[in-house]
Each structure stands twice: as C-alpha cells, then as structure tokens.
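Presented below is the structure to which this report refers.
Predicted, not measured: the structure shown is a model, and the values here were computed from it.
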Amino acid sequence: MNFFGYTLQNLKEYFVDIDENPAKAGIVFDGIYKHGARDFRGFGFSERVVAKLERDLTFELPKVIEKRESKDAAKLLLELSDGEFVETVLMRQRFGNCICVSTQVGCNMGCKFCQSGQMKKRRDLRTEEIVGQALAIAAEFSCKIDGVSVMGIGEPFDNFASTADFISIISDDKGLAVGRRHVTVSTCGIVPQIYEYADLPMPCSLAISLHAPDDDLRNELMPINRKYPIAEVMKAAEYYSNKTHHRVALEYILLSGINDTDECAVKLAELIGGRDFYVNLIPYNSTDSEFRKPDTEKLANFCKVLKENGVIATKRREFGADLKAACGQLRADYCKKGERG
Ligand code: SAH
C-alpha cells in the first residue's frame, strides 16, 4: 500500500492490525510529512517493526513530466502509475503559496464553459495521487504550502472518499498542517455530499460553483442542476454553514451577455437573502468555447449591484493565464501526445 493514501487514523488502525502501539502512527506521520523522511529507519523502532513497515508501505509519488513557471504561478504535469496524467498549479498569493489540485482524470459534469469537462472522466484519483500533487509541488519549488484549493480537474464530490482523506492528511497537524480555513473544496453542487462534507469530523472550507441565479439559466450552463436544483444546493450549503460556522463562497463566472446583467446581480442577492455567504466573481478564462468575459466596467458594475443589495463580493485574482494554468484552462486531454500545453 502507498503510505500517502493513509490518513493518520488509517495509520493508527494499521499499527493496531500489526499488533503495535497506535501511538507510533503519529511519530511516523510527523517524520514523513514534517521532516521529509522517506524510510522507517530513523524512528527508533525495532528491526522487526521496520521490516513490517517496509513490507507493507511504499512512498511512490507521481512522476514530474513537465514543469512551467512564471512570476506568480507554476504548473506541473504529472504522470500517474498507469500512464494517466494530471495537472497541478501553484499560485504565489500575498498570504502564501496556494496550490490547486485535481481529483479526477477528466470530468463527467459537462459544464458548458469548462475545458476540463471536454474529456469524460477516465477514473477517480486515489488519495495518494491527490496528496502526491501537493508533495510534488512542495518538492519541485522548494516551498511550504499555505493554502489548498480543490478546484483543478474533476468534481471532488464525485470522488468523495479520496477527497475527504486528502483534506484530512493535508490539514492534520501531524500531516502537512495547512489551516482548515485555507483548504477549500469546490463543488458544482452535488447535494448529498455537501451534507456529508458538513458532517466530517473536521470539515474545511466550501465553495459552490453557482454561476447562475436561477434554474433556467443554470440548467443551460450546468447539467448537474437538473438533478440538484439551486434551492436544494442552497439548503445544503446553509446546513454546512450552520454546522461549521465557515462562510460559504459562491463562485460566479461572469459570462458576457449571459449572466452579467443587473437583473442577474439582483436575483443573486435575493437568492442569498440573509445567509452568511459571499460571492467570488471569477473573470472567465477564454478557452475555445463560445463564451467571452465581460469588460472590466461590466464586472465592476455587477459587483456594485451586489454590494448595493447587501452581498459581500470579491473578485478572484487571475493567475497563470500565461501558463494555461488558470481556472478552467487545465486541459483534460493532455494525454494525447502533441496536444499538450
Ligand atoms: N468541479 C468543481 C471543481 C473544479 S472547477 C466545481 O465545479 O466547482 C473550479 C472552478 O473553475 C469552478 O467554479 C468552475 O466552474 C470554474 N471554471 C471552469 N471553467 C472556467 C473558465 N474557463 N474560466 C473561469 N473559471 C472556470
């Protein structure tokens, strides 16, 4: 088994299974994640225990195939053990280094504006492959990770178990110790898993890709809305917010002439009502789709109307466009050689 697929809890259970003291799990976790150990020799365990650990646990990581870097962003193309590829992005933000990880190879959600969905899901990533993305970034760019967005390719709540284990490892004090408020999982709105996420022992932050203030428009843009309409998504998000006391982010890509009118902004504010949610406006990153981003004036106006109607709105800073590493630009079809980039 791959060590990076184990949460601290899993590792404790493993030690119990091999008739050893589960307290050893914390020592190992700390040594591997905090001090960069990649074998079991330095922990003062007996030869017998070391032999068992070496027999059962490996430290295999995805292979770095390509590395690109600009002033404030970087991107890695990683190859997984079965020859599939995955992309991971590093953004150097003011508060620190934030990474954006993928959870699936391809995506089945079919959002009209998103490039990742152009290739159907080939498979879910395993926990160690998501953790591996973070470790690869930390190693390649010799940096500490201060924030994590689960917003790369794939729908994290369509791969819930691995996503939940990943956030547990990444936020564990003995793991990579990223502050829970700085770990954000973004979903297109898979309702049952929003409840499940809220009920995790240690949930992190939640972002919902809303992108439209009513069902008619959202049905057009995001097929998942036919299964889980807006009212149900909002109810689930409210449950999360009440349970965790974390403020929910509603992501809203502004698409020129489609969802950027004053009327949409007012409707969005009405939808939020008094809930403790905020809107994160995302400038659309051009892909080869039919959509375009509105001009800066239109964006500022949308933000103004939201604020006039009592909604907190932020504008997402654009990162990595020069690397084709911006939101929605990660390519799902890079495995076809010659089409990379
Ligand atoms: N499946 C998850 C996470 C991956 S997408 C989700 O839907 O939230 C991460 C964010 O990028 C989502 O809000 C998504 O809607 C947005 N996005 C997709 N394509 C984009 C594009 N071309 N420009 C800007 N944002 C985009």
Side-chain angles (χ1 to χ4, degrees), residues 80 84-89 100-125 129-130 149-163 184-197 206-234 236-237 249-260 264 268 271 280-293 316 324-336 339-340:
L80 307 174
E84 294 288 3
F85 293 89
V86 77
E87 279 179 307
T88 308
V89 175
C100 179
V101 298
S102 300
T103 49
Q104 298 178 319
V105 181
C107 181
N108 275 346
M109 298 301 124
C111 301
K112 290 284 180 327
F113 44 80
C114 179
Q115 186 156 40
S116 302
Q118 284 174 13
M119 188 182 83
K120 286 267 167 258
K121 178 173 99 173
R122 292 160 71 97
R123 71 170 174 85
D124 289 331
L125 295 185
E129 294 170 329
I130 314 178
S149 299
V150 185
M151 294 188 189
I153 294 172
E155 168 48 46
F157 286 176
D158 185 38
N159 182 14
F160 189 83
S162 298
T163 298
T184 304
V185 177
S186 175
T187 177
C188 62
I190 304 191
V191 166
Q193 274 65 46
I194 298 177
Y195 287 100
E196 219 178 312
Y197 185 65
L206 176 69
I208 308 257
S209 295
L210 195 67
H211 308 324
D214 62 54
D215 284 326
D216 284 346
L217 183 55
R218 199 166 190 264
N219 284 342
E220 291 296 311
L221 297 173
M222 303 175 70
I224 191 72
N225 197 66
R226 294 174 191 273
K227 191 160 182 196
Y228 301 116
I230 293 182
E232 284 184 35
V233 173
M234 295 297 277
L250 298 178
E251 294 161 282
Y252 195 100
I253 305 176
L254 284 167
L255 303 167
S256 181
I258 303 213
N259 66 356
D260 62 345
C264 282
L268 180 56
L271 181 68
N280 192 201
L281 294 171
I282 310 177
Y284 183 62
N285 291 305
S286 295
T287 62
D288 46 15
S289 76
E290 79 243 43
F291 300 106
R292 294 289 160 258
K293 70 167 145 190
R316 178 171 297 168
K324 288 218 167 148
C327 267
Q329 285 189 326
L330 296 184
R331 297 177 62 107
D333 57 353
Y334 33 66
C335 47
K336 292 182 214 147
E339 280 195 33
R340 281 182 196 165

Ring geometry between Phe113 and Tyr284 (parallel below 30°, tilted from 30 to 60°, perpendicular above 60°):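 Perpendicular, since the angle between the ring planes exceeds 60°.
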
Closest heavy-atom contact between [X] and [Y]?
X	Y	result
Lys120	Asn108	CD-OD1, 3.3 Å
Ile130	Ser102	CG2-O, 3.8 Å
Leu125	Val86	CD1-CG2, 3.7 Å
Cys100	Gly152	SG-N, 3.5 Å
Leu217	Ala212	CG-CB, 3.9 Å

CA sep, side-chain torsions, deciding dist, call: Ile208, Thr187, side chain to side chain contact (heavy atoms under 4.5 Å, CB included): CA-CA 5 Å; Ile208 308 257; Thr187 177; 4.1 Å; yes

Side chain to side chain contact (heavy atoms under 4.5 Å, CB included) evaluation trace for Gln115 with Asn285: CA-CA 10 Å; Gln115 186 156 40; Asn285 291 305; over 6 Å; no

Spell out, as yes or no, whether a donor-acceptor pair under 3.5 Å connects the side chain of [X] to the backbone of [Y].
X	Y	value
Glu155	Cys188	yes
Asp260	Leu254	no
Asn159	Thr103	yes

Could you measure the distance from the [atom1] atom of [X] to the [atom2] atom of [Y]? Nearest 0.5 Å is fine.
X	Y	atom1	atom2	result
Asn225	Asn219	CG	CG	4.5 Å
Ser209	Ile253	OG	CD1	7.0 Å
Asp124	Glu129	CG	CD	10.0 Å
Met234	Ile194	CE	CD1	10.5 Å
Asn280	Leu210	CG	CG	12.0 Å
Tyr252	Asn259	OH	CG	3.5 Å

Side chain to side chain contact (heavy atoms under 4.5 Å, CB included) between Val233 and Val191, intermediate numbers included: CA-CA 6 Å; Val233 173; Val191 166; 3.9 Å; yes

Stepwise side chain to side chain contact (heavy atoms under 4.5 Å, CB included) test for Gln193 and Asp158: CA-CA 8 Å; Gln193 274 65 46; Asp158 185 38; over 6 Å; no

Basic-acidic side-chain contact under 4.0 Å: Arg123, Glu84: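 The answer is no: the pair does not qualify as a salt bridge.
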
Student check: side-chain heavy atoms of [X] and [Y] closer than 4.5 Å:
X	Y	result
Met109	Pro223	no
Phe157	Val185	yes
Leu250	Leu271	no

Salt bridge (Lys or Arg N to Asp or Glu O under 4.0 Å): pairs with one or both residues in residues 207-225, sequence neighbours excluded: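 Qualifying pairs, neighbours excluded: Asp214-Lys267.
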
Test side chain to side chain contact (heavy atoms under 4.5 Å, CB included) applied to Ala207 - qualifying residues, sequence neighbours left out: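 Side chain to side chain contact (heavy atoms under 4.5 Å, CB included) list for Ala207, sorted by chain: Met151, Thr184, Ser186, Ala249, Glu251.
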
